[in-house]
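Presented below is the structure to which this report refers.
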Protein chains: 2
Amino acid sequence: MAKKIPEKVVSRLTFYHSIVSEFIEKNEQNITSSQLAHRLNIDDSQVRKDFNLLNKVGRCRVGYCPKDLKETIENTLGFSNKRNAFIVGAGHLGLALAKYDKFDNYGLNILALFDTDPLKIDMQINDKKIFHITKLLDLASELNVDIAILTVPRQPAQDVADFLIESGIKYIWNFTPCVLSAPKYIKVWNENLMASFLQFACKEID
Amino acid sequence: MAKKIPEKVVSRLTFYHSIVSEFIEKNEQNITSSQLAHRLNIDDSQVRKDFNLLNKVGRCRVGYCPKDLKETIENTLGFSNKRNAFIVGAGHLGLALAKYDKFDNYGLNILALFDTDPLKIDMQINDKKIFHITKLLDLASELNVDIAILTVPRQPAQDVADFLIESGIKYIWNFTPCVLSAPKYIKVWNENLMASFLQFACKEID
DNA sequence: ATTTAATTGTGACAATTATCACTATTAAGC
DNA sequence: GCTTAATAGTGATAATTGTCACAATTAAAT
């Protein structure tokens, strides 16, 4: 990637992407920084600064070209770098994520799910099969997968994580409410719904 | 709240809370800033700065008292300010969130779920009943609920959001992949899984 | 053609957040 | 008791992020 895109900008880019896609569907020819800013409740100059980072130029009194913007955002965020991943834990959350169509669009390819519940094994979700977790090691090396999305319950979380690491998984996107212990060379990303809510609550709810 | 806690600190506090709870379960009498820092892959001085914000003092060569810390974090994050909420959309994601036990602990009380699918109506999830969405308006005013967790599919998302707003909902925690349009006085919090992943991907995955 | 008003682009600044380096404290070992 | 080493506390500084104000541009109106 040419320029490093700051974390917050990455987050906003995905929002811009959604909104811009809407505009394209509605066949709009232009979109202005203040339209975007208004939808996201942010400052319009920030939108323009963000686009500057992408070397996008708009036209005064007109705005930006949605198609062009969309493409640039996709390239910047690397939607084209396909990455393969497994979902580990086929409970409601795992299934929800397996059905989440945005992952594909954004370059994250869910290849299969894993669970231990015999009733779930061999089920299909969105063309993705659920395997018994004992199959994970072989499939990971066969399919060259090193990203796991961990959606098991709290209790087995650490044990399953340890197993994933033994199986060659290098990146864990952790949806469990545990802070996993892992060696330094394993990258863990904690999805933290409570933190997210509390930030919302602190900021907005009196 | 006495002092304003910065957003990032709120996020870390929830992680500290998890880890500290573990320590308490293991009956540890002390926890050091570097133990916490190590688990979260951050700088230990940051942990200490965070605790300073809470007016917590540790003991040199010993660390902090887990029980004391836990209590302080809970008070700071306002776990005791109970807030009532509805989940709107009883798909996998809605059900996953309904079962997510941490919400209760952190002061977010899910009172009921809503859907339109006749097969789901009247089912119970974790003592929470699923109602037809037409019941929402009455129940919201009856139970004094103004927070909705929106977990419907992409397509109906905006329409459902409009309906929620008409029904008196003031805060929407939006799990759909849409950027909702809403009047300024409605607070929308977009949960953005893709942004979260992309931040992870940009930072950690080469 | 001229004027007007909307919009971008951007420098200056402000606020927030993280890191570093160092001091002070004190439990533990001798 | 004295020394050592681990740990907290903290000021200085750096990096990141957001806001504001305003000049430059230009489409649209006249």
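Every chain is numbered from 1, with letters handed out A, B, ... down the list of sequences.
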Answer yes or no: is there a side-chain heavy-atom contact under 4.5 Å between [X] and [Y]?
{"X": "Leu136(A)", "Y": "Val88(A)", "result": "yes"}
{"X": "Pro6(B)", "Y": "Leu53(B)", "result": "yes"}
{"X": "Ile186(A)", "Y": "Ile172(A)", "result": "yes"}
{"X": "Ile165(A)", "Y": "Tyr185(A)", "result": "yes"}
{"X": "Phe103(B)", "Y": "Met194(A)", "result": "yes"}
{"X": "Phe175(B)", "Y": "Leu193(A)", "result": "yes"}

Hey, could you give me each pair passing side chain to side chain donor-acceptor pair (under 3.5 Å) that has a residue in residues 94-103 of chain A? Not counting sequence neighbours.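 Passing the test, one end in residues 94-103 of chain A: Ser18(A)-Lys102(A), Asp101(A)-Arg154(B), Lys102(A)-Tyr106(A).
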
Do any pairs count as a side chain to side chain donor-acceptor pair (under 3.5 Å) and have a residue in residues 63-72 of chain B, sequence neighbours left out, and if so which ones? Lys56(B)-Asp68(B), Lys56(B)-Thr72(B)

In chain order, what residues pass the side-chain contact (heavy atoms from CB on, under 4.5 Å) check against Phe15(A), with sequence neighbours excluded?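 Only Ser11(A), Leu40(A), Val179(B), Asn190(B), Asn192(B) meet the side-chain contact (heavy atoms from CB on, under 4.5 Å) criterion with Phe15(A).
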
Under the side-chain contact (heavy atoms from CB on, under 4.5 Å) test, residues paired with Lys82(A) that sit two or more places apart: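 Result, side-chain contact (heavy atoms from CB on, under 4.5 Å) vs Lys82(A): Asn109(A).
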
Measure the acute angle between the ring planes of Trp189(B) and Phe200(A), then classify it against the limits of 30° and 60° as parallel, tilted or perpendicular.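 Correct class here is parallel.
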
Please figure out whether Lys8(A) or Lys56(B) has its closest DNA chain D nucleotide nearer the 5' end.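 Residue closer to the 5' terminus by nearest nucleotide: Lys56(B).
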
Quick one: does any side-chain atom of Asp115(B) pair with a main-chain N or O of Lys120(B) as donor and acceptor, under 3.5 Å? no

Near-strand residues of residues 12-25 of chain A, defined as heavy-atom separation under 4.0 angstrom from DNA chain C: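 Listed by number, there are none.
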
Pull out every residue in residues 66-74 of chain B that has a heavy atom closer than 4.0 Å to any atom of DNA chain C, ordered by number, or say none.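 Result for residues 66-74 of chain B: none.
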
Sorted by first residue and then second, give each salt bridge (Lys or Arg N to Asp or Glu O under 4.0 Å) pair with at least one member in residues 189-199 of chain A; sequence neighbours left out. none

Any pair counted as salt bridge (Lys or Arg N to Asp or Glu O under 4.0 Å), so long as it reaches residues 160-169 of chain B, sequence neighbours left out: none

For Val9(B), which contact category applies under a 4.0 Å heavy-atom criterion: base, sugar-phosphate, or nothing? nothing

Both Pro6(B) and Gly58(A) contact DNA chain C. Which one's nearest nucleotide lies toward the 5' end?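 Closest to the 5' end, via its nearest nucleotide, is Gly58(A).
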
Going by number, which of residues 31-51 of chain B have a non-hydrogen atom under 4.0 Å from DNA chain D?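 Heavy-atom cutoff 4.0 Å gives Thr32(B), Ser33(B), Ser45(B), Arg48(B), Lys49(B).
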
Grab the CG-P distance between Asn55(A) and dG9(C) for me, whole Å please. 11 Å

Outermost contacting nts on DNA chain D, any atom under 4.0 Å from chain B heavy atoms, listed 5' then 3', are dA5(D) to dA12(D)

Scan residues 22-47 of chain B for pairs that pass ring-ring contact (aromatic ring centres under 6.0 Å, His included), counting only residues two or more places apart or in two chains. none

Where along nucleotides 25-30 of chain C does protein come under 4.0 Å, by heavy atom, of base (B) or sugar-phosphate alone (S), with - for untouched nucleotides? BBBS--

